[in-house]
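Remember, it's a predicted structure, so these values are computed and weren't measured experimentally. Ligands are counted one by one from 1 in listed order, and the atoms in each one are counted from 1 as well.
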Amino acid sequence: MIYLDNAATTRMDPDVLKEMLPYLKERFGNPSSMHYMGMEAKNAVEGSRKKIANHLNCQPEELIFTGSGTESDNLAILGFARQNKERGNHLITSKIEHPAVMNCFKQLEKEGFNITYIDVDTDGIIDLKQLENAITAKTILVSVIYANNEIGVIQDIPAITDICRKNKVTFHTDACQATNYLEIDVKKLGVDMMTINASKIYGPKGVGVLFRRKGTGIQPIIFGGGQESGLRAGTENVANIVGMAKALELAIKMGEKESARIGKLRDRLIDGLLELPETRLNGHPTKRLPNNVNISFLNIEGESLLLMMGEEGIYASTGSACSSSKLEPSHVITAIGMPHEISHSSIRMTLGRQTTKKDIDQVLDKMPGIVERLRKISALNMTMEHVLGDKHG
Ligand SMILES: *Cc1c(COP(=O)(O)O)cnc(C)c1O
């Protein structure tokens, strides 16, 4: 089995599981309980909060534990917009957000907010001029994804936060895909809010954290007990929180070395696949995550390709896990100006810690045959030049 779907989720590191196990077994107390076992659980949560705060270069009180990356995005965007609506009803985001962000803005439109969706260029980089020009006296929040989950494109977050600070607008970024490889020091980035989760960094599924700079007003989206300073009710997922702290520690320790190692494998994979006729790399060639490959194989449906690859034990994905069951073209590939022929024929392969050079060579060995077989039975016979016109090459 060759797992090339690390942007969907990663395999938990054994050291992470080891740290979690006591909190799934004998240390099962509720952090809110007044007795010894409650204190033990509370200490585990607060210790994890301190560790994560150190890694992000913020205060422990500036972190809120949540149940996922999706929930952190929702808390940041819905929580901020609703809390600050008296100051203005205009919000800005990009056209290439993860559904966890995009659908928050769709919800806010229904609640009467005005949203501006900023364009990206054909490489997937957001238009900073357009962003700056879109800011009005009514703008309260900008949210832009740090590294895109489908095409791996990395945005210049410090440049965006400069613009936001100059205009006194709060900024949130979804950093779920960036955490393994990129700078996540919130002071260096200049972000006011930042979302990360554990399932993308070799930690457990079902836990996220929201960094919220002191003084950034948000209101809860979940109501109940007073946990997380009243901003996220519900008994803390102690084991997952402990696991997340360990996963982040390992991600930071391994980040640079892994970036270099995986980056080389990624380039080997891209170069090999682009040798096949009528193929195209989607997203910026260098401003992209070291583990992301998104390629279109013209005249083939991405889904058929995945099925055949699956039979050969190669597991990849079309764009995002969240949109792959729908038939509409990916909003991200559409936003980089690509027609549906390119979108429907694209697949995403995302490398990870367990990926070896042997894996990549096996994939490069198998893909030409798979692609050829599918093209033989395809009724389509288009060329990139025909489909893309001016945008080709
Ligand atoms: C995976 C992911 C999410 C959602 O995280 P969950 O923990 O699955 O809810 C949000 N944003 C990005 C960029 C992601 O990659």
> Got a salt bridge between Arg49 and Glu228, using NZ or NE/NH1/NH2 to carboxylate O under 4.0 Å?
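Looking at Glu228 together with Arg49, the answer is yes, because their closest N to O distance falls below 4.0 Å.
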> Looking at Tyr3, I'd like to know if the NZ or CZ of Arg11 sits under 6.0 Å from its six-membered ring centre while staying within 45 degrees of the ring's axis.
no
> Within 45 degrees of the ring normal and closer than 6.0 Å to the centroid, is that where the cationic atom of Lys200 sits relative to Tyr181?
no
> Has the side chain of Thr350 got a donor or acceptor atom that lies under 3.5 Å from a matching backbone atom of Ala7?
yes
> What residues form a side-chain hydrogen bond (donor to acceptor under 3.5 Å, both in side chains) with Asn54, not counting sequence neighbours?
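Once residues adjacent in sequence are excluded, Asn54 has no partner under the side-chain hydrogen bond (donor to acceptor under 3.5 Å, both in side chains) criterion.
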> Can you list, by chain and residue number, every protein residue with a non-hydrogen atom closer than 4.0 Å to ligand 1?
Ser68, Gly69, Thr70, Asp73, His98, Ile145, Asn149, Asp174, Cys176, Gln177, Asn197, Lys200
> Keeping Arg266 on the side-chain end and Leu289 on the backbone end, is there a donor-acceptor pair under 3.5 Å?
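Yes.
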